[in-house]
Amino acid sequence: MSRNLRVGILTGGGDCPGLNAVIRAVGKSLILRHNAQVIGIENGFEGLIKRNVRSLDYQDVSGILTLGGTVLGTSNKCDPFNYHASGGADVSAEVVHNCKNIGLDAIVAIGGDGTLTIAHQLAMKGLNVVGVPKTIDNDLVATERTFGFDTAVSIATEAIDRLQTTAQSHQRVMIIETMGRYAGWIALYAGTAGGADIILIPEVPYDVDEVIRVCRERERSGQHFTIICIAEGACALGGQRVAKAHVADSPDPIRLGGIANYLAADLRTELRSEIRTSVLGHIQRGGTPTAYDRNLATAFGAFAAAMVARGDFGKMVSLQNNTLNSVSLTEVAGKNRLVPLDSTMVAAALAVGTSFGSADMRADITDGVSAAAIT
Ligand code: F6P
């Protein structure tokens, strides 16, 4: 009689609300439906290099649905193909060897583009890998949503709501900076949900003069406060992205952040209103996931377990047209999904008078509001 399936789970890259909900769903589903043995791999791919793994039984994956972070730990500094701790050596052969030794039949890798690119490379080396799309940034290709995004948007929206009341009371211009790396999804969705007057995203380099014009127009028309929601990856026309740190041993070493302060400096000399900035940072990644993210993470995890059971490897769980599917990791590796400017949400924001800091982008493209999918 053949032995039971032995499946490893790892979480890689930045932490994200919903990681534990996926671990729970993959684990419970594999144990209950497939009588599999589940192995937790600690701190992302690092655990496969150092062989830091532990058996996860039903109790271990129970009671973690609502927990933020990841019970397995994670790392955004460990690429086995360029392992910094060994001077940039390719230790992928060791990873493959260790997986065989541990007796893993498959690995479920929960992560963003960095983790899934490594997962793809390991799949090319013969490992049976299933990917689950995670990131608050929502910037993965081949899936309409990643889990964690809804929670980040909810947190950022609540922050904007709170800034609205203080902005009104003091008649100030409030600039709130969201995360999102090179994509503007969080700023677009939170800015629209919070009724920001100006939303600045990396996909639309902003014109400072246009931002000033909108703020002045509001001052003139008696609306003595303005909320600007700016994505960390946004930049002014002809300007540069602002990096707050360089993490040398990370596969993606640039850490964006701080553009809000540059924008504030540009506006300060031009506007009568006082200006304040709030950089939300990692608050967007912490804490308990929203109900939507818990459900999405549970559905992703259960689907990933089913993929393992039917041997659907080298692929990632994907959500398209509200339906779960599996797509090849080749489609996902090394790519980012930006906000399409003809999307329904951009059109809707324009239709209610939101400025994107560009005079060229006015409500004339609001015809897109009638499109069916909210992207
Ligand atoms: O990818 C998620 C994310 O939070 C980005 O939005 C942000 O740019 C980055 O990670 C921050 O990384 P770190 O946690 O290393 O500061």
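For reference, positions follow the sequence shown, starting with 1. Just follow the structure's listing: the first ligand is 1, and inside any ligand the first atom is 1.
- Residue Gly180 places a heavy atom under 4.0 Å from ligand 1.
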task = Might you work through the ring-ring contact (aromatic ring centres under 6.0 Å, His included) test for Tyr189 and Phe149, ending with a clear yes or no?
result = CA-CA 10 Å; Tyr189 273 66; Phe149 173 63; 5.3 Å; yes

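- No side-chain donor-acceptor contact under 3.5 Å links Arg172 to the backbone of Ile275.
- Looking at ligand 1, you won't find any N or O of Lys244 less than 3.5 Å from one of its N or O atoms.
- Not close to ligand 1: Leu256, with no non-hydrogen atom less than 4.0 angstrom away.
- From the protein, the heavy atom lying nearest to atom 8 (O) of ligand 1 is Glu232 OE2, 2.5 Å.
- Between Arg276 and Thr166, the side chains place no donor N or O within less than 3.5 Å of an acceptor N or O (distance only, hydrogens not considered).
- Ile228 and Ile160 sit in two unconnected hydrophobic clusters of ILVMFWY residues. Membership requires side-chain heavy atoms under 4.5 Å apart, directly or through other members.
- Residue Arg181 approaches ligand 1 through these ligand atoms, each under 4.0 Å from one of its heavy atoms: 5 (C), 6 (O), 8 (O).
- Residue-ligand proximity: His282 is placed with a non-hydrogen atom under 4.0 Å from ligand 1.
- When heavy-atom distances to ligand 1 are checked against a 4.0 Å cut-off, Gln284 has no atom that comes that close, whether in backbone or side chain.
- Inter-residue side-chain proximity for Gln37 and Leu5 is flagged as unmet; no heavy-atom pair is nearer than 4.5 Å.
- The closest side-chain heavy-atom distance from Val38 to Ile31 is below 4.5 Å.
- Within the listing of ligand 1, atoms 4 (O) sit less than 4.0 angstrom from a heavy atom of Ile136.
- For atom 11 (C) of ligand 1, the closest heavy atom belonging to the protein is Arg285 NH1, 3.7 Å.
- Contact annotation: for Ile186 versus ligand 1, there are no heavy atoms closer than 4.0 Å.
- For atom 1 (O) of ligand 1, the nearest protein heavy atom (residue, atom name, distance) is Asp137 OD2, 2.6 Å.
- Per-residue contacts place Arg255 under 4.0 angstrom from the following atoms of ligand 1 (heavy atoms of the residue considered): 11 (C), 12 (O), 13 (P), 15 (O), 16 (O).
- Criterion: ILVMFWY side-chain heavy atoms under 4.5 Å apart, direct or through other members. Under it, Met174 and Leu267 are not part of a common hydrophobic cluster.
- You'll find the side chain of Arg54 reaches within 4.5 Å of the side chain of Glu42, heavy atoms only.
- Those atoms of ligand 1 with a heavy atom of Asn76 less than 4.0 angstrom away are 15 (O).
- Atom CZ of Phe225 is separated from atom OG of Ser169 by 9.5 Å, given to the nearest 0.5 angstrom.
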